[in-house]
Each structure stands twice: as C-alpha cells, then as structure tokens.
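One structure below.
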Amino acid sequence: MSAQQYDEIGEAFEGFKSLPLTRYGEVPSFLSMVGDVSGKSVLDLACGTGFYSREFKRRGATDVLGVDISVAMITAARETERRDPLGVRYEIGDVAELRPVERRFDIAAGVQCLNYAEDIAAMERMCRNIRRSLVPDGKFFVLAQRPDYGFDCPSLDKYGFRCEPTGEETETGPRERITALLDPQPISIVATAPRREVYEDCLRTTGFSEVEWVPLKVSQAGIEEFGEDFWADLLANPPLEMLRCRA
C-alpha cells in the first residue's frame, strides 16, 4: 500500500517540508533528537526523496545510505543527488525484507517507516533487520504518527495538515488519513498509528534497549514566525511523536 501511494506522489512529496507542522515541528525536533552525526554513518530508512539523507550528509555524516520501497521516491532522490551531489547513496528496498548491508551503520533513522508495517510480524521483521544493520550500541531514531492522537481535537489545518480516522482497525492500530494541504492540490496518504505497546514490544523483542518516547516541539524560528499562541493547539495534541532506542 505505501509504495503505491508514494509512487503517485513522487517529487511533490518535497512540498510537505514547507508546511508549518513539518518545517517548524517535525524537522527541527527530529534532527535535534538525532543530534550530532559528524563522523558517523547513517542508514536512512523510508528515506522518500532524500530530505533527511541529504541533511545528515550536510551535517557531517561520513556515509549515508537512503532506502525506500517507492521507485518514484528513489528516482527523485537520485535526480536531486545528480543535480547537487553530496555523496548520498540510494537504493530501492523494503525494510521488512532489508538486504544485509556490507558494513554496519552507527545510526538508523526511520521517519514514517515502522507505522507502515502491515502487522506485528512485519514490524518485528523491520526492527530485526534494522538492528542487524547497526553496529553494537548503535542508535535507532523513529518518527511516526502519535499512537493516541485525539481526532476530536481542534483542526490542524492552519499547520498545513489534516488527520482523520478511516474507521479501519489493523493488528497494530487504527488507520488514519493524513492530508497535506498543499497548493494547488492537497495530497492524502493513509497510514497506521500503531499502539505504544506495539512499538515497544517489537523493538525490545528484537533486541533494542533504552526505548524512550520523545515529544514533538516547535522551534524558536516557528515561534518567532507565528507567535506562541498559534502553536497552542498543536502542542496540546500533537499528531506526531518520536522514539529513540539502542541496538
């Protein structure tokens, strides 16, 4: 399901990064959680068009490999690398069937990755493959839909997104439709919001430790741009949340 959805989006996916929630919430929060990558090797899973892959390389990562199941996303990422080479490598691949890497990585990043597992067994396969790809004591950083997001909260439209329940329930958690309010054409994606215990159990079962949830924050630049009151609804019920753990 995820590959087909993202193949249809293609390069338009880059537009997500300009929306207030992503620009001032997701991106600075995730990069802050990952921290210093200088001198480190990074495996960027579900890399999309390579936004974070390129950012890690700019921040001093020595080796960055981006992997995504979508042919269109990897094609767009490779084209960006061709136009503006940074030395990032990309390949098409399913994290649930991830090939063994030649050399293990210091850091793995999974932005909107584990929440596309079709069931608990698939998420365990993903986690096991990721841990196998990391050096001992390597770190894994996750960003996904918040497990207990309240759909009856104030609208997120002013932040550039809309989250709605589809009414479907999977083994890992409820499905939801996320719409990026891009101009002139909004883009919708259906994803799952796995329960907290699903994430935690799958990570620990496959050998990860120090599993810790990390809340989304708004950057100082976002507060200066829009003011504190603008962000009150988002911070009261954020649609995204992060996790970090150790191999």
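The side chain to side chain contact (heavy atoms under 4.5 Å, CB included) with L114 is formed by just one residue from the set I130, L45, T172; it is I130.
Here the closest non-hydrogen pair linking A180 and L19 is CB-CD1, 3.9 Å. Nearest heavy-atom pair, A193 versus E176, reported as atom, atom and distance to 0.1 Å: CB-OE1, 3.6 Å. Of all heavy-atom pairs between C47 and G66, the closest is SG-C, 3.5 Å. The minimum heavy-atom distance linking P136 with R104 is given by the pair CD-NH1, 4.3 Å. Smallest separation of non-hydrogen atoms from S53 and V64: O-CG1, 3.7 Å. Of all non-hydrogen atoms in C163 and Y149, the two that sit nearest each other are CB-CE2, 3.8 Å.
With sequence neighbours left out, the side-chain hydrogen bond (donor to acceptor under 3.5 Å, both in side chains) criterion links S209 to no other residue. Not a single salt bridge (Lys or Arg N to Asp or Glu O under 4.0 Å) links E169 to another residue, sequence neighbours left out. When the side-chain hydrogen bond (donor to acceptor under 3.5 Å, both in side chains) test is applied to S41, the partners found at least two apart in sequence or on another chain are D106. Taking E210 as the reference, R246 meet the side-chain hydrogen bond (donor to acceptor under 3.5 Å, both in side chains) condition, with sequence neighbours excluded. Residues passing the side-chain hydrogen bond (donor to acceptor under 3.5 Å, both in side chains) test with Y24, sequence neighbours excluded: none. Checked against ring-ring contact (aromatic ring centres under 6.0 Å, His included), Y90 has no partners two or more places apart in sequence or in another chain. Q185 is linked by a side chain to side chain contact (heavy atoms under 4.5 Å, CB included) to nothing, counting only residues two or more places apart in sequence or in another chain.
Of the inter-residue distances, the one linking F161 atom CZ with L21 atom CG reads 5.5 Å to the nearest 0.5 angstrom. Considering CZ of R177 and CD of E164, their distance stands at 6.5 Å, rounded to 0.5 Å. Going from atom OG1 of T192 over to atom OH of Y116 covers 8.0 Å, rounded to the nearest 0.5 Å. Distance check: F30 CZ to L143 CG gives 6.0 Å after rounding to the nearest 0.5 Å. One distance of note links CG of L240 with CG of L216; it measures 5.5 Å at 0.5 Å rounding. Atom CD1 of I120 sits about 9.5 Å away from atom OG1 of T205, to the nearest 0.5 Å.
The hydrophobic clustering, which links ILVMFWY residues whose side-chain heavy atoms are closer than 4.5 Å, places F151 and L234 together. Hydrophobic cluster membership differs between F56 and F105, with clusters built from Ile, Leu, Val, Met, Phe, Trp and Tyr side chains linked at under 4.5 angstrom. Following chains of ILVMFWY side-chain contacts shorter than 4.5 Å, one can reach L182 starting from Y159, so the two form part of one hydrophobic cluster. Hydrophobic clustering (ILVMFWY, side-chain heavy atoms < 4.5 Å, transitive): I74 and F51 are in one cluster. By the criterion of side-chain heavy atoms lying less than 4.5 angstrom apart, applied directly or through intervening Ile, Leu, Val, Met, Phe, Trp or Tyr residues, V27 is grouped together with V37 in one hydrophobic cluster.
No donor-acceptor distance shorter than 3.5 angstrom exists from the side chain of D157 to the backbone of S155, with no hydrogens or angles considered. Although no hydrogens or angles enter the test, the distance criterion places a donor-acceptor pair under 3.5 Å between the side chain of S29 and the main chain of K217. T75 places a side-chain N or O within 3.5 Å of a backbone atom of V71 that can act as its donor or acceptor partner. Within the 3.5 Å criterion, the main-chain N or O of A96 finds a donor-acceptor partner in the side chain of N129.
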Distance-only criterion, 3.5 Å: show the donor-acceptor pairs between side-chain atoms of residues 218-232 and protein atoms not counting sequence neighbours.
| residue | atom | partner | partner atom | Å |
| --- | --- | --- | --- | --- |
| S219 | OG | G222 | N | 3.2 |
| W231 | NE1 | G222 | O | 3.0 |

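Heavy atoms from other residues, nucleotides or ligands lying under 6.0 Å from CZ of R23 number 12 at most.
Among residue pairs with one or both ends in residues 233-242, those qualifying as salt bridge (charged side-chain N to carboxylate O under 4.0 Å, His left out) are K158-D233, R196-E241; sequence neighbours excluded. Applying the salt bridge (charged side-chain N to carboxylate O under 4.0 Å, His left out) definition to pairs two or more places apart or across chains, those involving residues 112-136 are E97-R125. Each salt bridge (charged side-chain N to carboxylate O under 4.0 Å, His left out) pair with one or both residues in residues 39-63, not counting sequence neighbours, appears once here: R54-E81, R54-D84, E55-R58, E55-R59, D63-R89, D63-R103.
L31 has its side chain within reach of Y52: a pair of non-hydrogen atoms, C-beta onward, lies under 4.5 Å apart. Side-chain atoms of R204 and E200, non-hydrogen and from C-beta on, do get closer than 4.5 Å to each other. A 4.5 Å side-chain heavy-atom check between F140 and L243 finds every atom pair outside the cut-off. Using a 4.5 Å heavy-atom threshold, the side chains of S188 and I178 count as separate. Between M123 and Y199, some side-chain heavy-atom pair lies under the 4.5 Å cut-off. Taking 4.5 Å as the limit, some side-chain heavy atom of F141 sits within range of a side-chain heavy atom of I107. Residues L156 and R162 fail the side-chain proximity criterion, which asks for heavy atoms closer than 4.5 Å.
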Check: Which is it for E26 and V111 under the side chain to side chain contact (heavy atoms under 4.5 Å, CB included) test, yes or no, and what are the steps along the way?
Finding: CA-CA 10 Å; E26 175 202 313; V111 174; 4.0 Å; yes

Next item on the list: Walk me through it: do C113 and V142 pass the test side chain to side chain contact (heavy atoms under 4.5 Å, CB included)?
Entry: CA-CA 8 Å; C113 174; V142 177; over 6 Å; no

Next item on the list: For the pair L43 and V67, evaluate side chain to side chain contact (heavy atoms under 4.5 Å, CB included) and give the outcome as yes or no after the intermediate values.
Entry: CA-CA 8 Å; L43 177 61; V67 178; 4.1 Å; yes

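Cluster partners of L181 are absent, since no Ile, Leu, Val, Met, Phe, Trp or Tyr has side-chain heavy atoms less than 4.5 Å from it.
At a cut-off of 3.5 Å, with distance as the only test, a side-chain donor of N237 or R146 sits close to an acceptor on the other residue.
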